[in-house]
Amino acid sequence: MDCSDSPYDLLFKSLSLIPISHYLLGFLLLSLVFLYNVLEIHLLRDLIATGFRGHPVSLTFASGSELYEAVASKCQILHGRYLATSWLSSPHLQTAFLSFFGRPPVFSYRRQLFHTSDGGTIALDWLMNSDVMGVAINMNDTIQKDDKTPIVVVIPGLTSDSASAYIKHLAFKMAKSGWNVVVSNHRGLGGISVTSDCMYNAGWTEDIRKIVDHLHCQYPEAPLFAVGTSIGANVLVKYLGEDGVNIPLVGAAAICSPWDLLICDRFINRKLVQKFYDKALTIGLQGYAQLHQPILSRLADWEGIEKSRSVRDFDNYATRLVGKYETVDTYYRRCSSASFVGNVSVPLLCISTLDDPVCTREAIPWDECKANKNIIFATTKHGGHLGFFEGLTAKCLWWVRAVDEFFNVLHSTQFIHRKKEAQVSPLPIPLESSIDQGPYVNVTKDGMVTAIGNKQTNMEEEEELCHEHTLHAEKDEDKVQLQKPTELSQPSEHDRSRVTAPVKRRMDQLSRYSRKSIWLLVYIAIVTTWPLVGSALLLTLKRKFKNVLPAALLGR
């Protein structure tokens, strides 16, 4: 060996003797290790830790919860284990597979157009039990007014509609179990053009409130349930908390809710892999905004929308402006459902996964959910965002089976007939300058298509019909009383409650939202008027008690 050769020359000569195939093999091995960690693949951990038996589902509920004893304790799925599909053992693989493939069942909806009082149009897509069982004769079959078959209202997530894979999985499963399912597409989604200046956002609950009231009026004998997914879950929980006991629903489920929008906004920009989700959602929002450009360019900052690089940017240039929020953080704080959890008064099943790559577990309101006896919170260690694929073929979603079982047990028990009890947690006081509306949009492959349905519903006409029905009932009661003038009939407890219920509801809402404001106004009034009122009061006391009190005390 020549001593004049440098160590580096010897090293390079040695490395040159190694076959290129070995370098390629080493590079492939390092790449696999890198991807294994970045994609958070847990295949080996599933093998070592559980032997592919899956991890047990964790349940959180209030101590002595009647809901758990009567319903959740009978749900075998919630007390079992969840094992992700082996070739989808990653939250990112689960989420991506659901978005691009999903393997949804094949069926067709029946479309109904619902028109709101502000001119908006909402597409209601129905899937009946008779449709999946093959007994439907024609597409004009409708639900009878006295039909007691339970109805499930589904609220999709951000940029999702009734055609999304996970929505079709849920609708088909529930319909096959004997339920009637209706998917309430957000404004501008499901191929429907935006027909008003009002657009929905993560906290816009007015549309689902009107839809539920409409269904309750049309089918008063049918128990109403609701399922919200992702942003739809946030809207649902906020709606449940806002209305408290004054709600027609008898059961609900919130799947992969973001809970705290501000925390999720920080989380989605924390890591490189999360930024891919942020970018993908932004591209979808911008694409849909292009379809609604005539309206959004008038209501929002169109140039800012085109330059948006994140969901936060889009919310700043579109959602905040249309919804009239001061800042993006104001919008996130006002619309986060975590602030409304304490006032939920109907049985609510919440399902989240600890490895959700979009809605972080850091935002879950554990203590608030545990303090509310109407909530059962189920968490799994894996599952991704709305994925939860199981089985080697990945043809079914675990959370869909869990919701189906929970609703069936709840419906079969007497628990849904119990009197709803309001929780003690106060609702946050709304900001006067903030209006809960703003755009969240979706991209469709075929572009914007004005939907044509076989049924149309106008909200104002429906309210008039319900009002006329009430008036006819009252007139009938008056006729009965006129036929028996000698009998002094006292109004029944049902009649009194029917008359006073709307007043009590408004008084409860006024008291709930305005209690602190009223006391603040009283304090300000006392402080500002005390110099004048105090002097007059002191003068009056001096004149009244001048013969009783000592002269020194009266200031003479």
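Numbers here simply count residues along the sequence, with the first being 1. Worth saying up front: this structure is predicted, and the values here are computed from it rather than measured.
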S.K.: Got more than 12 heavy atoms from elsewhere within 6.0 Å of CD, Gln293?
M.R.: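 Yes - once you tally the heavy atoms of other residues, nucleotides and ligands closer than 6.0 Å, there are more than 12.
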
S.K.: Looking only at heavy atoms, which two atoms of Pro104 and Lys168 are closest? And how far apart?
M.R.: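 For Pro104 and Lys168, the tightest heavy-atom pair comes out as CB-CB, 3.9 Å.
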
S.K.: How would you list, by chain and number, every residue that makes a side chain to side chain contact (heavy atoms under 4.5 Å, CB included) with Ala171, sequence neighbours excluded?
M.R.: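 Testing Ala171 for side chain to side chain contact (heavy atoms under 4.5 Å, CB included), a comparison that skips the adjacent residues, returns Phe107, Tyr109, Leu127, Val181.
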
S.K.: So do the side chains of Val152 and Val182 get within less than 4.5 Å of each other, counting heavy atoms only?
M.R.: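 The answer is no, as the side chains (C-beta and beyond) never meet within the 4.5 Å cut-off.
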
S.K.: Test of understanding: with side chain to side chain contact (heavy atoms under 4.5 Å, CB included), list the residues that count as partners of Leu32, not counting sequence neighbours.
M.R.: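 Partners of Leu32 by the side chain to side chain contact (heavy atoms under 4.5 Å, CB included) criterion, ordered by chain and then number, come out as Leu28.
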
S.K.: From Cys359 SG over to Ile268 CD1, what is the distance, rounded to the nearest 0.5 angstrom?
M.R.: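 Answer for the SG-CD1 pair, Cys359 versus Ile268, is 8.0 Å.
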
S.K.: For Tyr325 and Asp315: C-alpha separation, side-chain torsions, deciding distance, then whether side-chain hydrogen bond (donor to acceptor under 3.5 Å, both in side chains) applies.
M.R.: CA-CA 10 Å; Tyr325 295 95; Asp315 289 338; over 6 Å; no

S.K.: Can you confirm whether Cys256 sits close enough to Asp356 that some side-chain heavy atom of one is under 4.5 Å from a side-chain heavy atom of the other?
M.R.: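 SC-SC contact between Cys256 and Asp356 confirmed.
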
S.K.: Would you say the side chain of Ile151 lies within less than 4.5 Å of the side chain of Trp179, judging by non-hydrogen atoms?
M.R.: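 Trp179 does not reach Ile151 side chain to side chain.
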
S.K.: State which residues pass ring pair (Phe, Tyr, Trp, His ring centres under 6.0 Å) with His385; sequence neighbours excluded, sorted by chain then number.
M.R.: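 For His385, no residue satisfies ring pair (Phe, Tyr, Trp, His ring centres under 6.0 Å) once neighbours in sequence are set aside.
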
S.K.: For salt bridge (charged side-chain N to carboxylate O under 4.0 Å, His left out), just list the numbers for Arg298 and Asp197, CA-CA rounded to whole Å, side-chain angles, deciding distance to a tenth of an Å, and then say yes or no.
M.R.: CA-CA 9 Å; Arg298 177 167 49 86; Asp197 288 348; 2.9 Å; yes

S.K.: Strictly below 4.0 Å, N to O, side chains only: are Asp46 and Arg53 in salt-bridge contact?
M.R.: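 No, no charged N to carboxylate O under 4.0 Å.
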
S.K.: Mind checking side chain to side chain donor-acceptor pair (under 3.5 Å) for Trp259 and listing every partner two or more places apart, or none if nothing turns up?
M.R.: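 Trp259: no side chain to side chain donor-acceptor pair (under 3.5 Å) contacts found.
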
S.K.: For residues Tyr332 and Thr327, determine if any side-chain heavy atom of one lies less than 4.5 Å from a side-chain heavy atom of the other.
M.R.: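 SC-SC contact between Tyr332 and Thr327 ruled out.
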
S.K.: Would you give the length of the straight line joining atom CD of Glu368 to atom CG of Asn343, rounded to the nearest 0.5 angstrom?
M.R.: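 It comes to 13.0 Å.
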
S.K.: Under a 3.5 Å distance rule, please check whether His169 uses its side chain to pair with a backbone N or O of Ser164 as donor and acceptor.
M.R.: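 Answer holds: no.
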
S.K.: Are Trp87 and Phe97 near enough that their ring centres are under 6.0 Å apart?
M.R.: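 Ring centres of Phe97 and Trp87 closer than 6.0 Å.
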
S.K.: Does the gap between the ring centers of Tyr317 and Trp302 come in under 6.0 Å?
M.R.: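 No, the ring of Tyr317 stays outside the 6.0 Å limit from the ring of Trp302, centre to centre.
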
S.K.: For the CD1 atom of Ile305 and the OG atom of Ser297, what is their distance to the nearest 0.5 Å?
M.R.: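 Between Ile305 CD1 and Ser297 OG, I get 8.5 Å after rounding to 0.5 Å.
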
S.K.: In a check of side chain to side chain contact (heavy atoms under 4.5 Å, CB included) between Leu348 and each of Val341, Leu67, Asn372, Leu240, which one passes?
M.R.: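 Between Leu348 and the candidates, side chain to side chain contact (heavy atoms under 4.5 Å, CB included) is satisfied uniquely by Leu240.
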
S.K.: Can you tell me how far CG of Asp301 sits from CG of Leu296, rounded to the nearest 0.5 angstrom?
M.R.: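 Interatomic distance, Leu296 CG to Asp301 CG, rounded to 0.5 Å: 11.0 Å.
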
S.K.: Just grab all the salt bridge (Lys or Arg N to Asp or Glu O under 4.0 Å) pairs involving residues 388-406, residues at least two apart or on different chains.
M.R.: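 Pairs touching residues 388-406 that pass the test: Glu390-Arg401.
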
S.K.: Looking at every heavy atom in both Ser196 and Gly119, which two are closest together, and how far apart are they?
M.R.: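 Closest pair (atom of Ser196, atom of Gly119, distance): CB-C, 3.8 Å.
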
S.K.: Taking only residues two or more places apart in sequence or in another chain, which ones pass side chain to side chain contact (heavy atoms under 4.5 Å, CB included) with Leu59?
M.R.: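 Side chain to side chain contact (heavy atoms under 4.5 Å, CB included) list for Leu59, sorted by chain: Val57, Phe61, Tyr68, Leu78, His79, Ile376, Ala378.
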
S.K.: Does anything in residues 263-273 pair up under salt bridge (Lys or Arg N to Asp or Glu O under 4.0 Å), and if so which pairs, sequence neighbours excluded?
M.R.: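 Passing the test, one end in residues 263-273: Asp265-Arg312, Arg266-Asp329, Arg270-Glu362.
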
S.K.: Has the side chain of Asn129 got a donor or acceptor atom that lies under 3.5 Å from a matching backbone atom of Asn180?
M.R.: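 Here the side-chain-to-backbone pair does not exist.
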
S.K.: Is there a donor-acceptor pair closer than 3.5 Å between any side-chain N or O of Tyr36 and the backbone N or O of Ile41?
M.R.: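 Side chain of Tyr36 to backbone of Ile41, a donor-acceptor pair under 3.5 Å: yes, one is there.
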
S.K.: Under 3.5 Å, is there a donor-acceptor pair between the side chain of Ser90 and the main chain of Leu39?
M.R.: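 Confirmed, Ser90 side chain pairs with Leu39 backbone.
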
S.K.: Kindly indicate whether the side chain of Ile192, heavy atoms from C-beta on, has any atom under 4.5 Å from the side chain of Arg187.
M.R.: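 Sidechains of Arg187 and Ile192: no contact.
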
S.K.: If you draw a 6.0 Å radius around NE2 in His42, do more than 12 non-hydrogen atoms from other residues or ligands fall strictly inside?
M.R.: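 More than 12 within 6.0 Å, yes.
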
S.K.: Under the salt bridge (charged side-chain N to carboxylate O under 4.0 Å, His left out) rule, what do Asp125 and Arg110 come out as? Steps first, then yes or no, please.
M.R.: CA-CA 6 Å; Asp125 288 332; Arg110 308 184 190 188; over 6 Å; no

S.K.: With side-chain hydrogen bond (donor to acceptor under 3.5 Å, both in side chains) as the criterion, how do Asp131 and Trp126 come out once you've worked through the C-alpha distance, each side chain's angles and the decisive distance to 0.1 Å?
M.R.: CA-CA 10 Å; Asp131 296 334; Trp126 287 86; over 6 Å; no

S.K.: Mind checking whether Leu249 and Val212 have side chains closer than 4.5 Å, heavy atoms only?
M.R.: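 Answer yes - side chains close enough.
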
S.K.: Please examine the side chains of Arg309 and Thr282, heavy atoms only from C-beta on, and report whether any two atoms are closer than 4.5 Å.
M.R.: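 Thr282 does not reach Arg309 side chain to side chain.
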
S.K.: Atom CG of Leu170 and atom CD1 of Ile255: how far apart are they, to the nearest 0.5 Å?
M.R.: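 Reported value, rounded in 0.5 Å steps: 8.0 Å.
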
S.K.: Going by the side chain to side chain contact (heavy atoms under 4.5 Å, CB included) test, name the single residue among Val183, Leu215, Val227 that passes it with Val153.
M.R.: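 Going through Val183, Leu215, Val227 one by one, the side chain to side chain contact (heavy atoms under 4.5 Å, CB included) with Val153 is satisfied by Leu215 alone.
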
S.K.: Please name the pair of heavy atoms, one in Leu410 and one in Phe415, separated by the smallest distance, quoted to 0.1 Å.
M.R.: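 The answer is CD1-CD2, 4.0 Å.
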
S.K.: Output all residues satisfying side chain to side chain donor-acceptor pair (under 3.5 Å) with Ser310, sequence neighbours left out; order by chain, then residue number.
M.R.: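 Asp313.
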
S.K.: Quick check on the 6.0 Å ring-centre criterion: do His214 and Phe114 meet it?
M.R.: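 So the answer is yes for these two rings.
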
S.K.: Taking Gly203's backbone N and O only, do any of them form a donor-acceptor pair with Lys238's side chain (distance below 3.5 Å, no angle check)?
M.R.: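 Checked: pair present.
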
S.K.: Which atom names give the shortest non-hydrogen contact between Pro294 and Leu291, and what distance separates them?
M.R.: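 Of all heavy-atom pairs spanning Pro294 and Leu291, the closest is CD-O, 4.4 Å.
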
S.K.: Got a list of side-chain donor-acceptor pairs under 3.5 Å for residues 274-281, not counting sequence neighbours?
M.R.:
from	atom 1	to	atom 2	distance (Å)
Gln274	NE2	Pro357	O	3.4
Tyr277	OH	His92	ND1	2.7
Asp278	OD1	Val311	N	3.0

S.K.: Got a sec, which residues hit side chain to side chain donor-acceptor pair (under 3.5 Å) with Thr195, two or more places apart in sequence or on another chain?
M.R.: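 Here the qualifying residues are Thr121.
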
S.K.: Less than 4.5 Å apart, side chain to side chain, heavy atoms only: is that true for Tyr331 and Thr319?
M.R.: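 Contact flag for Tyr331/Thr319 side chains = yes.
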
S.K.: Ignoring hydrogens and angles, tell me if any N or O in the side chain of Asn234 forms a donor-acceptor pair with the backbone of Ser337 under 3.5 Å.
M.R.: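 Yes; judged by distance alone, with no hydrogens or angles, the pair exists.
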
S.K.: Ile155: what forms a side chain to side chain contact (heavy atoms under 4.5 Å, CB included) with it, not counting sequence neighbours?
M.R.: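 Ile155 satisfies side chain to side chain contact (heavy atoms under 4.5 Å, CB included) with His186, Ile208, Leu236 only.
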
S.K.: Locate the shortest heavy-atom distance separating His382 from Phe388; write the atom from each residue and the value.
M.R.: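 Result for this residue pair: O-CE2, 4.0 Å.
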
S.K.: Can you list every pair that meets ring pair (Phe, Tyr, Trp, His ring centres under 6.0 Å) and has a residue in residues 349-370, with sequence neighbours left out?
M.R.: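 Sorted result for residues 349-370: Trp366-Phe377.
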
S.K.: What heavy-atom pair brings Ser257 and Ser352 nearest, and what distance separates the two atoms?
M.R.: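 Result for this residue pair: N-OG, 4.3 Å.
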
S.K.: Atom NZ in Lys381, atom CZ in Arg45: separation rounded to 0.5 Å?
M.R.: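 Reported value, rounded in 0.5 Å steps: 7.0 Å.
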
